[in-house]
Amino acid sequence: MDNTIMWGEIKSQLAHELEPDTFQEIFSSIDTIYEIKNNFIYLIVANEFIKRRVEMLYLKRMNRMLESYVKDKHEFRLITEAQVTEKIKSQSDYEESDDEYSSTQSNLIPGYTFDNFVIGNSNRLAYTSALKVADQPGIVANPLYIFGDVGLGKTHLMHAIGNYIIEGNIHSNVLYIKADQFVEDYVKHANRKKYTEFTNLYKDIDVLLVDDIQFLAKKEKSQEEFFKLFEKLYQQQKQIVISSDRKASDLRDIMTRLTSRFAWGVNVDINRPDLEHRIKILEKKLNAETSERDLIPKKVLEYIASVFDNNVRELEGALKRVLFYCTAFNYEFSIKNAEIALENLIKPKASSRDFMKEKITNVMSVTADYFKISVSDLVSKKRTRNYLYPRQIAMYLIKHLYDIPYKKIGEYFTNRDHSTVMHSVEKIYNDLHLDANIKVDVEKLSIKCGESD
Ligand code: ADP
Ligand code: MG
């Protein structure tokens with residue numbers, strides 16, 4: 001739909017809903033869309049006063065109306081006539097560099113902001129670093145490397161950085177991209193030998209946000225290409241932000257030439273939020289969902305937070321479910337009803353825990369038996385080869401057969417950390433193809449564990 005028509009329709013909806021005087025005073029003169037950029041639709045308003053009134057009182061409603069007119073998430077923003085004049089003046093010294101891609105497509109999700117990111121011990125450093133970077137892109141921490149497990153807010157923070165920068169300067173060219181998308185784009189262009197076209201996609205970037213860099217693993221050509229881009233931007237002091245599910249030094253199948261550069265700037269991790277933090281997150285999310293404060297009693301939120309301790313995405317999902325269940329059926333928000341609403345989410349969780357435990361202990365005892373050592377030696381920290389090798393094999397089997405998270409596996413081996421387990425698993429995986437004896441051990445043990453295929 002044509003944008004002017006879309007705005008016309010939203011306007012008439014507003015005319016319908018608002019008092020005629022209010023509508024006349026505020027909205028009747030808003031006719032022009034200044035531009036659509038980075039998922040924001042900028043409307044021109046007469047002055048700062050109207051701008052503030054709309055922002056405070058009507059913007060949320062307008063954005064909700066907008067949802068039914070646009071495919072991707074977009075939001076309205078307001079710009080005053082004075083600001084427009086200023087922009088036009090400064091634009092005459094502004095080079096003609098606004099090509100299609102870089103000027104309109106930032107891939108940013110407007111809803112991920114610093115404002116709605118809840119801070120706690122597990123993410124404070126990541127948050128402050130991100131905010132500093134957003135404040136002074138290219139200066140305080142370049143690159144900024146954020147790592148942590150899934151669902152803990154890395155993507156949210158990256159978008160928050162981008163949104164913040166654009167809010168301060170709509171001409172800043174921010175580009176958010178997932179590393180797998182980068183690879184895909186590269187392969188697509190390389191197949192058609194359109195290398196220049198590919199490089200052009202990343203021309204004129206001021207801020208590059210690359211999510212989930214681990215997906216560059218084993219993609220040598222794309223790494224090479226990304227390396228060039230990194231170098232170019234870095235030299236021009238353009239801000240680069242990278243996220244990953246692991247430390248830069250643990251990015252095994254990415255060239256060290258690249259990963260070592262990630263350590264040049266600032267590296268921060270995000271961890272799991274503690275109970276108190278999880279409750280705060282729920283409260284914030286609830287506020288965003290409904291204007292009715294205290295809709296869900298605190299003790300119910302505490303209950304949800306106590307059950308979902310793994311990551312924020314799950315926590316959010318649980319809250320939405322309880323909200324939906326109790327409002328749809330008009331039930332009271334009680335712990336009992338929350339339990340019922342979440343039954344399907346909780347049960348498999350509990351049973352998957354038992355399942356995991358059972359499988360892990362089974363592999364441990366089968367492996368210890370096979371190598372004629374005790375389970376306590378198997379899981380111990382003793383480093384002689386007759387324990388080390390069985391231990392690595394056991395870790396490998398657990399990962400390979402059941403795909404249990406490294407961190408979880410580590411807990412069963414005298415609390416070894418995520419990266420120790422990962423290295424053991426990768427060592428066996430690599431040696432497997434070189435040493436027939438290892439292959440035999442693995443195959444025999446898989447059968448003994450009841451998992452041959
Ligand atoms: P990751 O990229 O680390 O896997 P995401 O950024 O996608 O995680 O976060 C998953 C969900 O949890 C998102 O909806 C995000 O808004 C939310 N979330 C994560 N951390 C926070 C936080 N500290 N405050 C508010 N929401 C959060
Ligand atoms: Mg993410």
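Atoms within each ligand, like the ligands themselves, are counted from 1 in listed order. Only heavy atoms go into these numbers, but all of them, side chains included; no hydrogens, no water, no symmetry mates.
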Could you tell me whether ligand 1 has any atom less than 4.0 Å away from a heavy atom of Gly148? no
Pairs of nitrogen or oxygen atoms closer than 3.5 Å, one from Phe117 and one from ligand 1: do any exist? no
Counting from 1, what ligand 1 atoms have a heavy atom of Val150 closer than 4.0 Å? 4 (O)
Shortest protein contact, atom 15 (C) of ligand 1 (heavy atom only): His156 ND1, 3.4 Å
What protein heavy atom is closest to atom 18 (N) of ligand 1, reported as residue, atom name and distance in Å? Val312 CG1, 3.2 Å
Which residue owns the protein heavy atom closest to atom 13 (C) of ligand 1, what's the atom, and how far is it? Glu316 OE1, 3.4 Å
Heavy atoms from other residues, nucleotides or ligands near NZ of Lys193 exceed 12 (cutoff 6.0 Å): no
Could you tell me how the ring of His159 sits relative to the ring of Tyr112: parallel (under 30°), tilted (30 to 60°) or perpendicular (over 60°)? tilted
So for Asn116 against ligand 1, with non-hydrogen atoms under 4.0 Å, the contacting part is backbone
If we count only N and O atoms by modelled type, under 3.5 Å, do the side chains of Asn311 and Arg272 hold a donor and an acceptor together? no
Decide whether a cation-pi geometry holds between Arg261 and Phe230; the criteria are a distance under 6.0 Å from NZ or CZ to the six-membered ring centre and an angle within 45° of the ring axis. no
Show, in sequence, the C-alpha distance, side-chain angles and deciding distance for His171 and Asp206, and conclude whether the side-chain hydrogen bond (donor to acceptor under 3.5 Å, both in side chains) test is met. CA-CA 10 Å; His171 289 298; Asp206 297 313; over 6 Å; no
What's the verdict on side-chain contact (heavy atoms from CB on, under 4.5 Å) for Leu18 and Tyr58, showing C-alpha distance, side-chain angles and the deciding distance? CA-CA 10 Å; Leu18 301 174; Tyr58 308 106; 3.7 Å; yes
So does Lys359 have more than 12 non-hydrogen atoms from other groups sitting under 6.0 Å from NZ? yes
Look only at interatomic distance and state if Val118 has a nitrogen or oxygen under 3.5 Å from any nitrogen or oxygen of ligand 1. yes
Is the closest heavy-atom distance from Lys285 to ligand 1 below 4.0 Å? yes
With Lys399 as partner, the option from Val421, Ile428, Val363, Val425 fulfilling side chain to side chain contact (heavy atoms under 4.5 Å, CB included) is Val425
Would you say the ring centers of Tyr186 and Phe182 fall short of 6.0 Å from each other? no
Under 3.5 Å between any N/O of Asn123 and any N/O of ligand 1: does that happen in this structure? yes
Quick check on Tyr195: does its OH atom have over 12 non-hydrogen neighbours (other residues, nucleotides or ligands) under 6.0 Å away? yes
Protein contact of atom 2 (O) of ligand 1 - nearest heavy atom, named by residue and atom, plus distance: Thr155 OG1, 2.7 Å
Backbone or side-chain N or O of Ile281 under 3.5 Å from ligand 1 N or O: no
For ligand 1, is there an N or O atom under 3.5 Å from any N or O atom of Gly153? yes
Counting backbone and side-chain atoms alike, does Thr155 have an N/O/S atom under 2.8 Å from the Mg ion (ligand 2)? yes
heavy-atom search around atom 10 (C) of ligand 1 in the protein gives Arg313 NH2, 3.6 Å
Top protein contact for atom 4 (O) of ligand 1, by heavy-atom distance: Gly151 N, 2.6 Å
